[in-house]
Student: 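First the structure, then my questions, so here it is.
In what follows, chains carry the letters A, B, and so on, assigned in the order in which the sequence lines appear, proteins first and then strands, with residues in each chain numbered from 1.
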Amino acid sequence: MVKYRLFAVPILIAAAFLGGVTTPAQAQEQAQDNANSGLPSTGPLSGYMDFHFNKADGEDGILDFHRFVLLFNHSFSPRLRFVGELELEHALVEGLEEAGELELEQAYIDFLLSRRLNLRAGMLLMPVGIINERHEPPVYNGVERPFVDTVIIPSTWFDVGAGVHGDLGAGFRYRAYVVAPLNSLEFTADEGIRGGVQKGSKANVRNVAYTGRLEYLGIRGLTLGASGWTGDSSFETPRLDTSVTLGEVDARFRRDRLELRGQFADVRIGDAARLNDSLGRIIGISPNIAAGLRGFYGEAAYRVWNKGAPRDMVAFVRYENFDTQHRMPEGFQPLKEFDRDAWVMGVTYYPDPDIAVKADYISLRNRSGLFANRHLLNLGLGWWF
Amino acid sequence: MTTRSGLFVALFVAVVVAASVTGASHAALAGQAAPVRTIEITASRFEFWPSEISIAEGEAVEFRITSEDTVHGFRIVGNGLNLVVPKRGKGVAVARFTGTQAGRYSFECNRMCGAGHNFMRGVLVVRAPGAAQ
Amino acid sequence: MRHKARHTRLISCAAIVWTLIVLVQARGTTQGSPGFPGGPLPGITNLEFSEFRLGVDDFMEVETAEEGLGPAFNGTSCAVCHNLPSIGGGGVILEVRAGYRDALGGADGLNPAGDTLIHMLSTPSHSCQPSIPEDANVIAHRAPIPLFGAGLVEAIPDETILALADPDDRNRDGVSGRAGIVVDVATGGTRVGRFGWKSQHATLLAFGADAYRNEMGITNELFPNEFSFGISAAQMKLCDPLPDPEDRRDPVTRRRGIDNFESFMKFLAPVARSHADEQTREGERVFSAIGCATCHVPALDTGASAHPAFHRKRVELFSDLLLHDVGTSDDIRQGGAAADELRTPALWGLRFRRPLLHDGSAATITDAIERHAGEAALARRGFGQLPAQTKDTLLAFLRSL
């Protein structure tokens, strides 16, 4: 017996030597081996997809392939990059509003000049809000995007423009673009400025809009952001002065198993009284557009299983408050059915970090007294590759 | 000594010699040789933490990069280091690196990870000898 | 350290710029523009405003056969006919009525129920289109009546209207207005009618429900039977598959379509005058002096109401809401009105109404005035005798309404 023990010791020592000692070249190879085991290699094509079941109480359930998005990327050189994003919503496009949409969400060239200053031009995502620039399915909780990021900030908000971005050091990053403006003719009481996005489709640039975001990432686990968007939106009604200004602040914090998010957004529409009047004469009834919209939310998410494992489950709860008739122009009354808040609670199960199986329950309330509160159940399957 | 124990000793010596010949300047045995500074980097959409790394010229460091979400990349521009960072829970990307020339180098994520992929960059500062940190 | 100072400055600049942008926007609360018709009454609650807008949406909603439209109808939504100058107004589409008039002056409808309406359209495949009987000797047209201010009109008490009635012309002024007494389908009570060319309705709920069934063929709880003249039972089965009543309660609001129409009309503000100056004030004096104001009474008051928007309000509608025979009759007997009688139309909003008279047969205000006869003969003669300048003053006043 003693013999075998003696025999084992040198073998173990030898193994320790060989295992622990490496050269840089070997290290790289080894790292590649670690990394490449079982991983698919991807080329210039990535994408994300969203598949949803939505059921509001009292209504039929809807099963919808909500998004099929392909991302293309190509490096002309280390400093010249192209990123494109093509999205198909609701599976098919028939030429009518009621069916899906095929949209070019991003298509830009980045000229990477220096850490502090880089140029970008093309179809850009507006740097406003948490969701607009971060909306791959595994990245946010809840089957649908937050309401605040739908009717206050019209995510996914993209349009043509050009601008600069960079990293200022000490944790500060920025982006600043000049982009196409909104079209006030499409503003509504229910969804605010959402309908006015031109989406870079023969966009009118009688005037331009300016948008920018400043982010602070200097503290580990914390991201703070502030952004704004301002532009005149009245190219269809030149005698009006319908300037739109959006301001937003947000924060994301993550430590261990807990993630917290918060966002506050405020939109102001100038000359809304005359806009309502003009549109009333065109469409026969005043659209009752507000002079101010406001929304905010706070979300807490807790990783129920151990972090680090490829499989994860996150439970979350979010409170949202959003009012697209928050401030009315002189002489107009608000439609209180659009003064809403919502409790969203649910889970996200990750069988793989790039696949999210989501379920949530939403209690959506409004202040009208005329429309009943709604309860929605959503299930979703989303993935990124 | 018996023949068998002699064989053990010979084997032991051979292994040690072989290991020393193939090994790097650092030994893994505890209590022996100079320690390697490990720099832990976390990659997530769309940032590296830390995003500013400072090492001395000639200092060898070991990058250990994990992802908090999807597969990322780690590439030091102009330096040949080019790793794939496996997705959360699927491993660590490890690489030894020695900054042989002083200067500022960009590192970036070189694997498409989402809409903000091009923002995911950082700077590696290789300090000249005697330079303040 | 230098980096940090520069960053701080940059951020401070950005914050200041952004704050300035926000402040510049904040100062801009614009004043409302002068009232274009179509908005709600001032002083209604937010809940009532939501009900009003729900009513507008329903008023404009295009109905289909699957929702109960048809078998025969005049329009696919209320707004098809009621859209000038804005939703809830009048229009140029005229509805068709047919009937019988005998030598003795008696008037009959097309069937024992007294129906006279002939629809212009029917649901595809147009196989349920009724036709006018070949022996009908009365064909009449009616223009859509603007609904602006209807809520205020509803709030005028029956007594106020009855007080103006003088069916036997006791005061010998040649005018013998008569109240149209109707049974209100909504409440079952006997009321003074004031809505419709023949004052056939007293409440907005019944008025809207009747129109929903008549003009669009959508039956409801107040009028649960289809209008079936000229349509056989077999055709009815083909063209009208939906069981009655077709107007259903909405699951989210728990309201019927007719409730929404009532809210819309009730809270719809009246048309304000375009302007008032010395000329229009003089014209208003002439209007009274020659006797127009006997029937086109300048204002009536609403009664006491718990609702501040309707409580003792002056309603400047220029009508006594009574039935008169002014020689423009359509030979149709309906509600409490005889064949030769028509309700005095309200003149508020006159500048937006063309053509004029119940059948749209007058092109100008002067044409309409010159068609007045019967009880209005005296006033008509007075108008004819006015010097040209006074006539212009009177017309300037009328055009300001």
Side-chain angles (χ1 to χ4, degrees), chain A residues 3 6-7 10 13-14 16-24 27-28 30-32 34-39 42 44 46 48 71 73 78 81 83 85 106 110 112 115 118 120 125 133-136 138-139 165 167 169 171 173 175 217 220-221 223 254 307-312 352-354 384, chain B residues 4-5 8-9 11-12 15-16 18-20 22-24 26-29 42 44-47 49-52 60 62 66-71 77-78 81-98 104 106 110-119 121-123:
Chain A
K3 293 184 285 202
L6 272 174
F7 196 85
I13 293 170
F17 262 90
L18 287 169
V21 166
T22 54
T23 61
Q28 190 151 345
Q30 192 161 3
Q32 291 286 43
N34 286 345
N36 284 335
S37 57
L39 279 180
T42 61
S46 295
Y48 64 88
L71 278 97
N73 71 94
R81 311 274 180 86
V83 171
E85 182 178 338
Q106 292 186 86
D110 255 345
L112 300 172
R115 185 185 182 203
N118 305 282
R120 176 177 286 191
L125 290 175
E133 289 176 310
R134 318 167 46 86
H135 50 258
E136 298 80 20
V139 161
H165 64 90
D167 187 332
R173 294 209 297 215
R175 346 205 207 297
L217 304 100
R220 174 145 207 186
T223 304
R254 165 179 281 175
K307 71 166 183 174
R311 275 186 290 276
D312 266 317
D352 178 279
D354 285 330
W384 159 269
Chain B
R4 212 172 282 159
S5 38
F8 289 157
V9 171
L11 183 63
F12 184 82
V15 167
V16 169
S20 310
T22 57
H26 311 282
L29 270 179
T42 310
S44 68
R45 288 186 173 101
F46 298 103
E47 54 169 325
W49 180 275
S51 63
E52 288 181 25
E62 180 176 274
T66 52
S67 166
E68 278 188 355
D69 37 46
T70 187
V71 180
V77 180
L81 185 63
N82 194 346
L83 300 178
V84 177
V85 180
K87 51 176 90 171
R88 180 179 70 225
K90 296 262 169 88
V92 184
V94 181
R96 287 285 170 86
F97 178 80
T98 307
R104 295 172 69 90
S106 278
N110 65 338
R111 197 196 169 284
M112 176 50 107
C113 51
H117 165 67
N118 279 2
F119 295 139
R121 324 184 74 216
V123 67

Student: For chain A, which candidate among Arg104(B), Glu52(B), His117(B) shows the most heavy-atom pairs at distances under 4.5 Å?
Tutor: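 Winner by heavy-atom pair count: Glu52(B).
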Student: Please report the closest heavy-atom contact between Asp354(A) and Pro138(A), naming both atoms and the distance.
Tutor: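 Reported closest heavy-atom pair: O-CG, 3.7 Å.
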Student: Is it the backbone or the side chain of Leu71(A) that comes under 4.5 Å from a heavy atom of chain B, or both, or neither?
Tutor: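 Only the side chain of Leu71(A) comes within 4.5 Å of chain B.
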Student: If you count heavy-atom pairs within less than 4.5 Å of chain B, which of Gln106(A), Arg120(A), Arg115(A) leads?
Tutor: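 Top count of heavy-atom pairs under 4.5 Å with chain B: Arg115(A).
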Student: Determine, stepwise, if the pair Arg220(A) / Thr42(B) fulfils side chain to side chain donor-acceptor pair (under 3.5 Å).
Tutor: CA-CA 10 Å; Arg220(A) 174 145 207 186; Thr42(B) 310; 2.7 Å; yes
Student: Hey, which of Ser106(B), Pro50(B), Ala115(B) has the most heavy atom pairs under 4.5 Å with chain A?
Tutor: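 Option with the greatest count: Ala115(B).
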Student: Any chance you could measure Asn118(B), atom CG, to His165(A), atom NE2, to the nearest 0.5 Å?
Tutor: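 Rounded to the nearest 0.5 Å, the CG-NE2 separation comes out at 6.5 Å.
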Student: For Cys113(B) and Thr70(B), work out which heavy atoms get closest and say how close.
Tutor: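 Shortest heavy-atom separation between Cys113(B) and Thr70(B) comes out as CB-CG2, 3.9 Å.
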